[in-house]
Amino acid sequence: MSGTPLIQVKNLQLYFGAFHALKNVSLDFNAGELIGLVGDNGAGKTTLIRVLCGIHKPTSGEVWFNGERVEKFHPKLAIDQGIETIQQSVGLCDNLSIARNFYLGREPVRRIFGIPILDFKKMREMSTRVIREFGLRDNVSADDEVERLSGGERQSVKIGRAVEFKNRVVIMDEPTNHLSVREREHVNELAVALKEQGLLVIYITHDIFQVHKLADRIIIMENGEKIEDAATSAMTADALEEVIRQGGRKVEKREAV
Amino acid sequence: MAAQGFKRLVRRHSEIGIFLIAGLLVVFFATSSDGRWANLYNFATILQVTATLGLMTLGVALVIGTGEIDISVGSTFGMGALVYLWLALRIDPAIAMLAAVTVGGLIGAFNGWLITKTGTPSLIITLGSLMIFRGIAIALTDGFSFSIPYAARGGFTYWLFGGGDILGFNTGLIWLLVSLVVLMILLRATPFGNRLLAVGGSAASAHSRGVRVDRIKFSAFVICGLLAGLAGGLEAGKLGFADGSMGRLMELQAIASCVLGGCLLAGGRVSLPGALMGAFVLSSIQSYLVVMGVRPQWFILTLGVIVVAAALGDRLLRQWAVKR
Amino acid sequence: MTFKGWILAATALATTALTATLPDAAMAQDGEKLRFVVVSHIGSNDPNMNWLTMAMEEFGKKYPDVEAEYISTNNYSIQEHVRLLEQAIATRPDGIAVPIVSPDAFEGPLRRAIESGIPVVAFNIADGRPEGERIPYVTYVGGDELLTGRKLGEYALSQVEAGVVPAPTRVVCASHDSAHEGLKKRCAGMREVMEASGAKFDELFIGAEPATARNTLQSYLSANTDTNYIFTVAGWSAPWAWGVANEMGLSPDVDMEGVTVLTVDEGPVSIEGVRQGHVLATNSQGFWLQGYAPLEWLYWNVKHGYAPQQDILTGPIIITKENADKWSDLVRSVFGEEAYNQQNTW
Amino acid sequence: MQTPLQALVRSQSFGAVIGVVLMLAVFSIVDFSGWWRSQTLANVAHFSAILGLVAMGQALVIITKEIDLSVGSVYGLTGVAFITFEPQYGVGGAIILALLIAALVGAVQGLLVVKGKLPSMIVTLGGLFAARGLIYVWTGGSVNNFSQAARINPLTRLFGGELFGIEAAIFWMIGLCIALNIMLWGTRFGNRLLATGGAQDSAESRGVRSDHVKIATFTLCALLAGFAGIVTLADKPQTHVTLGDLMELEAIAAAVIGGCLLSGGRGSLVGAVLGAFIITSFRYELIALGAPSSWFITFVGVVLIVAVIFNQSLARRAGHSV
């Protein structure tokens, strides 16, 4: 790993009202790395990546991307910079078709008399190709509304979209939720393949054993803090699990007092 | 099998309900009124009313599409009418209309700006501006009203903005049709439309995909204001008259039209032709009661019952369609 | 209930509702009958509507070969009124009676109706423009709003000279609809006379909602303590004005002290107000005649080609203590003893 | 434990309290002698009490995350029913029957919202028209008088009379405000009402029948509006078919000024009453200052917008997500 990290986070703090969601988090992410971001529910994983993909603005602290300090936080800017995110609970609008969701925010257009008209053909063809690759049912077409899809199928659309528009960073928030065993394997292979193409992949999960096999580095968060940052070669999955457990107990004690 | 096919149709097109209702009503009205309802002159009247109410309804439908609501359109309509008639007398109607539409747009921008900047529920903000601009409209016409003598009306531009007929139909209808086509293209075939519906469907998801939610909502309110201003100007041009009461209670009719036309108040699902058909149905019913000589006391009662009954009927139809 | 059941029930309900609301749809089939339509702005929120509809019933008894319909707006709105007028024209009636609320707004549709051979009689409000410029209707039957305000004001001043009531210092014209042209004219007529006598004059929009109106009026009276005349431009708001003034200890009855109330209309409320000494004067613009005479003229015009050469004024007639008893008898004979007493809300 | 001051600052009605204090300060400066008169205050307090009754019902509905546009018409319908039934059923019977009508309208609207799964805005919009239409059809445009005997009936005096020179309406409003506050904050039903508005799914997952809660709330709101109508007419039994016209706007404005958030689950009954007081006071002061009375409606609009933004920022500062 040479040169400056692709993403640098320095002393990040984030409050939601009185709730302290991120406590002084500092991290480096390099291109060509697959990073497992692990922690229990409420640990701050999703909040952290929501800062990285521009949904939340940090209360204080700095985010550097590719050697430049990020001043404004908006998903549009993040996407334009090449950060693709597979969000857990958001990302699809139930009322729109697969094709429309697929291209939401970056719709391809043809100009007719200067008016940007959606390029329906391209939207349909591309999204159909991708959803077939991710194993959607044969009777699902790109024109079907997302509302009709099962949980796994929805996840497939999100992953397909991220892969299709991949650029420099792909962030996956619990990507294997709702997926069958075979689909899960497919996603994991994909994560590795993306990394090998030189992208930064941040893989969020609470299953340490699953991600230990894939990742180069594991970051563990607990209660809004980073409590571990170690290369997978340096620590076994069991050792890491112990860290999580310890962190958990520390918190319990604190709350008991 | 036919029922299954119909179910699919209803599932896909939320406006089917109102088209069915409209069809049945037209048949019923035409056969039961002895030619009093179904004649060209009356149709022209109904369509003229539909034109101005419809323009307003289209705007409200867009706002509803983003999951917000605009109940200030009645007052915006009134302001548009006053501005148009005041200027049409003094300068050219074309410039007057431009001014009326601009005023409408500004009111829309005022609403949109407050709602997106402060994150306040649009119902309250637009309720506030409904009152503000109604008060201003009444204050502007304190002691007098604007009108253009019948004999003084003339010229192409006056004709064009609701002041004349083409083939027996008010020219306001042209503006409705043009707006409908433009807005349907805008909504269904442009990135803006895609994002607008996405915002209404799930603002968080749209935001996460890089859509500037506030800008989309702001634009929807501006368009809604523009259309209400246009509608007000057209109505004033048709009447040659405007006072502080113009557009009173029309906001309620516009919202009712949208709901009848299959627009989901929660946002994300709107049908512009459906909303327009809703406006047509409301004005048809109203006209039917008039031509049949029903005592005026019954109007408002019937209107109330029909709005709820139609909304309920639409709901039941869709529930039936979703059942497998 | 199943979906089908729901639909059936809803349809049944809707049909009953509709058939219940349609008066004698079958009667209209009778081709021989003439059909006159009265398109009015005196709507369901205005008790004066009863005058017109009762007069029309009377007309119907006399001319069974005519069917007369009364349609009106529920709120005062020119926009809606014109729409009703156009829809009424669309039914091709044999005659139309309509108040010319705004000559400019009504000219288009009315000219079209007249050109297509439908005779039009204006009632209640005339087209104020000179002959030749105005809408070519058969005739006008009704009062004059400006004159109403002026005559009432003049009567009040005459009573001041007679030593019955104090001289006006500040007059408030309490209007329930700030967009209503006719009401504005009543206020304007009163303003002319009162300002000429040296009194201050204000127009106050009190709204039609009783509690709000009382609150507004009370606020005005406590802020402007020199007010000693209240002119309510609707008969039904006179008791509100009197009540507020009475509660504030302003002695609103007709005497040399405190506030004096003036009102309009010949309904039981206004007339009893005068008779009981609460109200100095009211006026009649001949509502019964306004409901009856236009139809009569339409009939004579259609059947025999009659057209009067001049407008027919039915008012204003000032109703005072002197003639109120006669008016009370007259109104009782129209509404009936029981309805008269019930509508007297003093 | 919070001190009473902290509790006040954190309460939903804090914005309205600030509003009232500011308003009184301004009024004292611009119109001291006119405002601080027993006559003025009695006038404002009397109408505030009536509007406050309606606004409290509206506040309850808004707390369940719905809205009721029909309150003005229900207020009118109940009042007209009270007057019209009196000759036949006597004062007591007329009050009961009129309130039954109000409850029926509220319950039907609640049923349609809950069982018909329709937006409350549409249902109550229909209710607004239908109830007003009923008044027109029923009365034919003129409402009957109230006999002299009925006016001095003790029941009529109980609702519309005076006690120690203070209008009965004010006592009724205060009494009901206390009772409703106990209901909202101190009973199971109140807790469920708050939960239904705050998070309907969570409430239902804990076994709360949110449909029952909503129907009950709509009924309660209509009852309060109807009761306000009866209180108004027992005092001044001269009425008109326009009784309650546009009152829904003022009631919603009062509830919102008083701190009700349309996001549901938060609101204040005391605030709603204070909101009604602010609106009524402004009407007086605008007229006293000689502004054309059509500006009043503009002013309510401005106050409404300012108040909702202010209340919201207060709520956010207190850490609520709204």
Side-chain angles (χ1 to χ4, degrees), chain A residues 46 49-50 53-56 72-97 99-120 123 143-148 154 157-158 161-162 165 171 173, chain B residues 7-15 61-62 64-67 116 119 178 181-216 219 262-271 318 321-324:
Chain A
T46 302
I49 61 112
R50 283 194 171 180
C53 68
I55 293 180
H56 296 324
K72 284 181 177 169
F73 289 82
H74 192 279
K76 173 128 184 59
L77 302 173
I79 289 174
D80 289 347
Q81 293 278 343
I83 303 176
E84 263 305 325
T85 314
I86 301 159
Q87 307 273 359
Q88 203 181 347
S89 57
V90 296
L92 294 178
C93 297
D94 278 354
N95 56 327
L96 298 182
S97 68
R100 280 171 176 270
N101 262 298
F102 206 86
Y103 283 95
L104 180 58
R106 46 163 59 131
E107 297 86 349
V109 293
R110 282 177 302 152
R111 294 205 168 259
I112 300 172
F113 305 118
I115 305 160
I117 299 291
L118 293 177
D119 190 343
F120 289 110
M123 286 169 66
D143 289 332
D144 278 332
E145 286 185 6
V146 169
E147 195 177 39
R148 292 188 58 210
R154 295 167 68 96
V157 174
K158 288 193 217 171
R161 177 169 66 186
F165 295 120
I171 302 172
D173 191 359
Chain B
K7 271 190 184 182
R8 276 194 56 179
L9 203 64
V10 174
R11 262 207 307 266
R12 283 233 160 166
H13 300 278
S14 52
E15 65 269 32
L62 284 183
I64 289 180
T66 68
T116 53
V178 170
V181 171
V182 168
L183 290 175
M184 276 184 74
I185 293 173
L186 186 74
L187 192 62
R188 295 290 163 196
T190 67
F192 175 77
N194 198 37
R195 291 168 194 179
L196 190 147
L197 291 174
V199 166
S202 162
S205 294
H207 181 67
S208 80
R209 296 309 298 162
V211 173
R212 303 224 179 237
V213 174
D214 283 356
R215 281 191 205 173
I216 299 282
S219 317
C263 302
L264 212 60
L265 279 181
R269 287 179 204 279
V270 294
S271 161
R318 250 179 285 173
V322 174
K323 244 188 297 178
R324 309 226 170 207

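Given the structure is predicted, the values throughout are model-derived calculations rather than measurements. So that the names make sense, note that chain A is the first sequence line, chain B the second, and so on, each numbered from 1.
Residue pairs meeting the salt bridge (Lys or Arg N to Asp or Glu O under 4.0 Å) criterion with at least one partner in residues 79-92 of chain A, sequence neighbours excluded, are Lys76(A)-Asp80(A), Glu84(A)-Arg106(A), Glu84(A)-Arg209(B).
Summarising the geometry of Ile117(A) relative to Thr190(B), their closest heavy-atom pair is CD1-CG2, 4.4 Å, with the distance given to 0.1 Å. Annotation for Pro191(B) and Val109(A): closest pair CG-CG1, 3.3 Å, computed over non-hydrogen atoms. Nearest heavy atom pair, residue Cys93(A) against residue Ser202(B), reads SG-O, 3.8 Å.
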Exercise. Begin from the C-alpha positions of Arg100(A) and Asn194(B) and carry the test side-chain hydrogen bond (donor to acceptor under 3.5 Å, both in side chains) through to its verdict.
Key: CA-CA 7 Å; Arg100(A) 280 171 176 270; Asn194(B) 198 37; 3.0 Å; yes
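In terms of non-hydrogen atom pairs under 4.5 Å with chain B, the most contact-rich of Glu145(A), His74(A), Arg50(A), Glu147(A) is His74(A). For the set Leu118(A), Val90(A), Asp119(A), the count of heavy-atom pairs under 4.5 angstrom toward chain B peaks at Leu118(A).
Using a 4.5 Å heavy-atom cutoff, the side chains of Ser208(B) and Thr85(A) are not in contact.
Using modelled atom types, one side-chain atom of Arg195(B) and one backbone atom of Gly105(A) make a donor-acceptor pair closer than 3.5 Å. Using modelled atom types, one side-chain atom of Ser205(B) and one backbone atom of Leu92(A) make a donor-acceptor pair closer than 3.5 Å.
Contacts of Leu96(A) with chain B are made by side-chain atoms alone, with heavy-atom separations under 4.5 Å and no backbone atom involved.
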Can you give each donor-acceptor pair under 3.5 Å made by side-chain atoms of residues 182-189 of chain B, sequence neighbours left out, with the distance rounded to 0.1 Å?
unit_1	atom_1	unit_2	atom_2	d
Arg188(B)	NH2	Val270(B)	O	3.0

